[in-house]
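Protein chains get the first letters and strands the later ones, always in sequence-line order, with residue 1 at the start of each.
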Amino acid sequence: MPNNEPSYDFIREIVANDLKTGKHKFIRTRFPPEPNGYLHIGHAKSICLNFGITSQFNGQCNLRFDDTNPSKEEVEYVESIKEDVRWLGFDWGDREYYASDYFDRLYEFAINLIKKGKAYVCSLSAEKIREYRGTLTEPGKDSPYRERSVEENLDLFLRMKAGEFQDGEHVLRAKIDMASSNINMRDPTLYRIKHVPHHRTGNKWCIYPMYDFTHCLSDAIETITHSICTLEFENNRPLYDWVLDTLETECHPQQIEFARLNLNYTVLSKRRLIQLVEEGHVTGWDDPRMPTISGIRRRGYTPESIRNFCDRIGVAKRDSIVDMELLEFSIREDLNRSAHRFMAVLDPLKVVIVNYPEGQVEELEAINNPEDESMGKRMVPFSREIFIERDDFREDPPKKFFRLYPGGEVRLRYAYYITCREVIRDKNTGEIVELRCTYDPETRGGWSKDKRKVKGTIHWVSKAHSVPAQVRLYDRLFTVPNPLDKKDGKDFKDYLNSTSLEVLTHCRVEPDLKKLRPGSNCQFERQGYFCVDMKDSEADLPVFNRTVTLRDSWAKIEKKAKK
RNA sequence: UGGGGCGUCGUCAAGCGGUAAGACACAGGAUUUUGGUUCCUGCAUUCGGAGGUUCGAAUCCUCCCGCCCCAGCCA
């Protein structure tokens, strides 16, 4: 049976079915980041999933900060997270929640659990608790404090909250089963003492709830219908259900796990990213080489391209490593149809057109975006002395090289055909410093009446009219597809790409490029997509970040020839 | 040799008992004033392996193999 319907991923299938059977009339999800670092492209997958599903099925997605560990969390992170989610194009309305807003209710739930005889205060040290927990193959042992009376537990827990104890003296534990084959069920810790001020609740609390206790109850409080998380929480699902079942909450969301995103040539874990930042391997969370949302944004990626990327990678349960090229495809696709084209010479080589009248300047018409006529045209100044890309000239051209070489003719985009007549070198170094060329006045605009074949077209800028610019060429952060694949004791940082950033300081670009606003995208013809750096660009010296190169089939041919 | 998951093209990923979608990548070719874009064409006789059930299996059953997750008072 041919089926032309676009297929849902397994989560959307569940949601659609719940709607169809009437299990739910309204879908509510949540995106629950812990504010202990910046969001990365892996979070984008989760954001697109959670917000995407609810917009598709007319539901709502809450933004909830899972802020139960004050020793790792900071307001800087909550601000950046909000900015990133918004930038990606999603709106949580007024539903900005914090697990810490539920601390009072969570505390009541804990009291309730104690009263039901389902939780107890354990006074074993952390090390002892670990010992008593058993191992993967051996069952654990009951804590000697497991049978404390409800009254004693209530009293102790109250005093924990009141600050009568030091960190680590007691914890509140669920009373489940120390012999469970699921280690998460061996009387997991629910509350710990931490005399640490919280970024939102200040000094109000010195006991903080653990994830397993907080998350399910926060979901229930917010009447979440589908609690979507990553695979590693699969083992926690029985505990998620146990807490809600035992407390008999009115709402019992369904936890569903999917495989987190992995991308080759980079790392996607906050722990490692924070390491790169703190140890100075990158300039910050928003370094354009970082896979963080802020890094990608500064690199020049568009929200649209990220969303398309997330659609393309799909949602499933199997661990996978997505090819970076898919991300690059997504941004090329978006920028190809939207980016304004310009000419920019990254590594300038001076060309004097000897038969062009000295002092003459022409304004030549150039198309702003061949994919979008509505973006119009612009005038580009042309004169006797211009710059071309050093790499577009070869004294000894390889096969199939159809750019400029001695005696060869090439088209200057939107300008004229020129022929190279003479190569000028530096007397001392031998370096080529200038090319003497002649132009054909009959080819204005780049056309010839005699239909003579000129296969190559190169970009250029007028020496006198172009403006200087700095260009930053970014490459992948790591040299190997999987930096975590630690053979012979190597650390992921051993695979850092030492040439992931190349700064070009002598570039010359079209004068109009000076007018671009920070953050704007554009294409440097024949080279790639670039954006004006949001932090370092200045009116006198614009700074451009290379978002991604254009596909380059010449580079492939050359590479093949070398082999 | 405890438990929970997962194995379909180089990379993602559909497939839900009726005879292997799609995308990226790759390889050819056409068009092109970006060696860009666009457009054609090709790219899994086979679904981790072996048995079995069935007229028919990637889909059901059995066994085996491989990979991931869990022993935080992290999330």
Side-chain angles (χ1 to χ4, degrees), chain A residues 1-4 6-7 9 13 32-34 36 66 68-69 71-72 122 124-126 129-131 133-140 167-173 180-186 188-194 208 210-212 214-215 229-238 257 259 264 270-271 311-330 332-333 336-337 341 343 366-367 370-371 400-403 411-415 417 445-447 454-459 481 523-528 549-558:
Chain A
M1 206 192 304
N3 181 10
N4 297 322
S7 59
D9 57 67
E13 221 164 72
E34 182 190 9
N36 67 343
D66 224 332
T68 58
N69 186 358
S71 32
K72 288 185 176 174
C122 180
L124 246 24
S125 66
I129 285 183
R130 194 183 318 125
E131 264 180 55
R133 189 156 30 225
T135 68
L136 293 178
T137 51
E138 297 160 312
D167 288 9
E169 266 188 74
H170 308 282
V171 291
L172 183 73
R173 290 228 254 168
S180 173
S181 51
N182 181 345
I183 292 183
N184 291 301
M185 300 296 271
R186 319 240 260 231
T189 300
L190 267 20
Y191 266 89
R192 76 287 217 192
I193 300 170
K194 258 182 193 286
Y208 292 96
M210 300 285 289
Y211 165 85
D212 285 305
T214 310
H215 205 92
C229 62
T230 44
L231 248 32
E232 67 270 25
F233 290 100
E234 216 152 14
N235 296 320
N236 298 55
R237 192 170 70 224
E257 312 84 11
N264 61 13
K270 281 197 255 184
R271 202 198 92 220
D311 282 345
R312 263 189 266 264
I313 57 176
V315 179
K317 291 198 73 157
R318 77 181 78 106
D319 287 307
S320 60
I321 302 175
V322 173
D323 224 310
M324 186 64 104
E325 294 184 88
L326 193 56
L327 220 206
E328 296 182 343
F329 169 81
S330 297
R332 284 195 189 106
E333 171 193 53
N336 174 51
R337 55 184 175 228
R341 269 113 244 229
M343 291 195 283
I367 294 166
E371 305 295 317
K400 290 188 185 170
F401 182 85
F402 33 85
R403 274 114 97 151
R411 174 188 294 110
L412 291 177
R413 176 140 237 224
Y414 301 126
Y417 291 0
W447 302 99
V454 172
K455 195 138 192 212
T457 300
I458 63 174
H459 59 275
Q523 182 195 101
F524 288 175
E525 293 215 23
R526 305 208 306 131
Q527 312 198 83
T549 61
L550 248 29
R551 287 185 65 210
D552 188 351
S553 47
W554 167 244
K556 276 183 199 167
I557 294 170
E558 238 190 348

task: Just call it for M343(A): base, sugar-phosphate, or nothing, with non-hydrogen atoms closer than 4.0 Å on any strand.
output: nothing
query: Atom CH2 of W447(A) and atom P of rU32(B): how far apart are they, to the nearest Å?
result: 9 Å
query: What about E13(A), does its side chain sit under 3.5 Å from the base of rC16(B) through a donor-acceptor pair?
result: yes
Base of rG36(B) paired with side chain of E371(A) (donor-acceptor, under 3.5 Å): yes
task: Rounded off to whole Å, could you give me the CG-to-P distance for the D319(A) and rG66(B) pair?
output: 17 Å
- prompt: NA contact type, P238(A), heavy-atom cut-off 4.0 Å: base, sugar-phosphate, or nothing?
  reply: nothing
- prompt: Which part of the nucleic acid, if any, lies within contact of L124(A), taking any heavy atom under 4.0 Å across all strands shown: a base, the sugar-phosphate backbone alone, or nothing?
  reply: base
Syn/anti label of rG29(B) as read from its glycosidic torsion, with the cut at 90° from 0: anti
statement: K270(A) NZ to rA75(B) C1', in whole Å, measures 8 Å
task: Taking atom C1' in both rU11(B) and rG18(B), compute the distance separating them and give it to the nearest angstrom.
output: 30 Å
- prompt: Does rU32(B) have OP1 or OP2 sitting under 4.0 Å from an N or O in the side chain of T457(A)?
  reply: no
- line: Minimal heavy-atom distance between M185(A) and S180(A), with the atoms involved, is CB-OG, 3.5 Å
task: Measure distances between side-chain N and O atoms of Q527(A) and base N and O atoms of rU34(B), and say whether any donor-acceptor pair falls under 3.5 Å.
output: no
task: Kindly say whether, by distance alone, the side chain of N184(A) makes a donor-acceptor pair under 3.5 Å with the base of rC70(B)?
output: no
Aromatic ring of Y211(A) stacked on base six-ring of rA75(B), 5.5 Å, 30°: no
Who pairs with rU59(B) - Watson-Crick or G-U, where each distance is under 3.5 Å: none
statement: Checking N1-N3 plus N6-O4 or O6-N4 for Watson-Crick, or N1-O2 and O6-N3 for wobble, each under 3.5 Å, the partner of rG2(B) is rC70(B)
- request: Just call it for F401(A): base, sugar-phosphate, or nothing, with non-hydrogen atoms closer than 4.0 Å on any strand.
  value: base
task: Could you tell me whether Q523(A) contacts a base, only the sugar-phosphate backbone, or nothing, with contacts defined as non-hydrogen atoms closer than 4.0 Å?
output: base
- request: Please tell me which of the listed nucleotides, rC24(B), rG2(B), rA75(B), lies nearest to the side chain of T137(A)?
  value: rG2(B)
Whole-Å P distance, rG17(B) and rA58(B): 13 Å
message: Classify T135(A) by what it touches in the nucleic acid, base, sugar-phosphate, or nothing, heavy-atom distance under 4.0 Å.
response: base
rC26(B) to rC68(B) separation - P atoms, rounded to the nearest Å: 29 Å
statement: Among rU34(B), rC74(B), rA23(B), the one nearest any side-chain atom of R312(A) is rA23(B)
query: Is there a Watson-Crick or G-U wobble partner for rG35(B) with both distances under 3.5 Å, and which nucleotide is it?
result: none
message: By the 4.0 Å heavy-atom rule, please label R413(A) as base, sugar-phosphate, or nothing.
response: base
query: Of the nucleotides rG36(B), rC26(B), rC73(B), which has the atom closest to the L550(A) side chain?
result: rG36(B)
- request: Indicate, with a heavy-atom threshold strictly under 4.0 Å, whether R551(A) touches base, sugar-phosphate, or nothing.
  value: sugar-phosphate
- prompt: Within the structure, does a side-chain N or O atom of K556(A) lie under 4.0 Å from either OP1 or OP2 of rC26(B)?
  reply: yes
query: Given rC6(B), rG72(B), rG5(B), which nucleotide is nearest the side-chain atoms of R318(A)?
result: rC6(B)
Euclidean distance, R318(A) CZ relative to L231(A) CG, rounded to 0.5 Å: 11.5 Å
- line: Between Y417(A) and G446(A) the two heavy atoms that sit nearest each other are CE1-O, 3.5 Å
task: Please tell me which of the listed nucleotides, rA23(B), rG72(B), rC73(B), lies nearest to the side chain of L326(A)?
output: rA23(B)
message: Whether R130(A) contacts rG72(B) is assessed here as follows: a side-chain N or O lying under 4.0 Å from the phosphate OP1 or OP2. Is that the case?
response: yes
- prompt: Expressed in angstrom and rounded to an integer, what is the separation of D311(A) atom CG from rA14(B) atom C1'?
  reply: 15 Å
message: Any base atoms under 4.0 Å from Y414(A), or only sugar-phosphate, or nothing? Heavy atoms, all strands.
response: base
Y191(A) OH to rC74(B) C1', straight-line distance once rounded to whole Å: 17 Å
- request: For residues R186(A) and T135(A), report the shortest heavy-atom separation together with the two atoms involved.
  value: NH2-O, 2.6 Å
query: How is R341(A) classified with respect to the nucleic acid when contacts are heavy atoms under 4.0 Å: base, sugar-phosphate, or nothing?
result: base
field: Closest to side chain of I183(A), choosing from rA23(B), rC70(B), rG35(B)
entry: rC70(B)
message: Work out how far the P atom of rG4(B) is from that of rA27(B), and round it to whole angstrom.
response: 45 Å
- prompt: At under 4.0 Å between heavy atoms, what does K400(A) touch on the DNA or RNA strands: base, sugar-phosphate, or nothing?
  reply: base
- request: Ignoring backbone atoms, test whether R332(A) places a side-chain nitrogen or oxygen under 4.0 Å from the OP1 or OP2 oxygen of rU37(B).
  value: no
query: What interatomic distance, in whole Å, is found between C1' of rC12(B) and the corresponding atom of rC47(B)?
result: 16 Å
query: What does I129(A) touch in the nucleic acid at a heavy-atom separation under 4.0 angstrom: a base, only the sugar-phosphate, or nothing?
result: base
query: Paired with rU54(B) by Watson-Crick or G-U wobble geometry, both distances under 3.5 Å: which nucleotide is it?
result: none
message: Measuring only the C1' atom in each nucleotide, how far is rA23(B) from rA13(B)? A whole number of Å is fine.
response: 8 Å
- prompt: Across all strands, who's sitting opposite rG42(B) as a Watson-Crick or G-U wobble pair, both distances under 3.5 Å?
  reply: rC26(B)
message: At 4.0 Å (heavy atoms only), tell me whether I313(A) reaches a base, stays on the sugar-phosphate, or touches nothing.
response: sugar-phosphate
message: Could you tell me how far rG48(B) sits from rC6(B) if I compare only their C1' atoms? Round to whole Å.
response: 11 Å
Minimum-distance nucleotide to R192(A) side chain [options: rG4(B), rC74(B), rG36(B)]: rC74(B)
- line: Testing rC74(B), rG3(B), rC24(B) for proximity to the side chain of K194(A), the answer is rC74(B)
- request: Output the single nucleotide from rA75(B), rC73(B), rG2(B) whose closest atom is nearest the side chain of L136(A).
  value: rG2(B)
- prompt: If you look at every strand shown and take non-hydrogen atoms under 4.0 Å, does S330(A) touch a base, only sugar-phosphate, or nothing?
  reply: nothing
- prompt: Out of rG35(B), rU37(B), rG5(B), which nucleotide sits closest to the side chain of N336(A)?
  reply: rU37(B)
message: Does either side chain, that of N235(A) or that of N184(A), offer a donor lying less than 3.5 Å from an acceptor on the other one?
response: no
query: Ignoring hydrogens and angles, does a donor from either the side chain of R403(A) or the base of rG35(B) sit under 3.5 Å from an acceptor on the other?
result: yes
- prompt: rC6(B) C1' sits how many Å from L231(A) CG, rounded?
  reply: 8 Å
query: Over how many whole Å does the gap from K72(A) atom NZ to rC73(B) atom C1' extend?
result: 12 Å
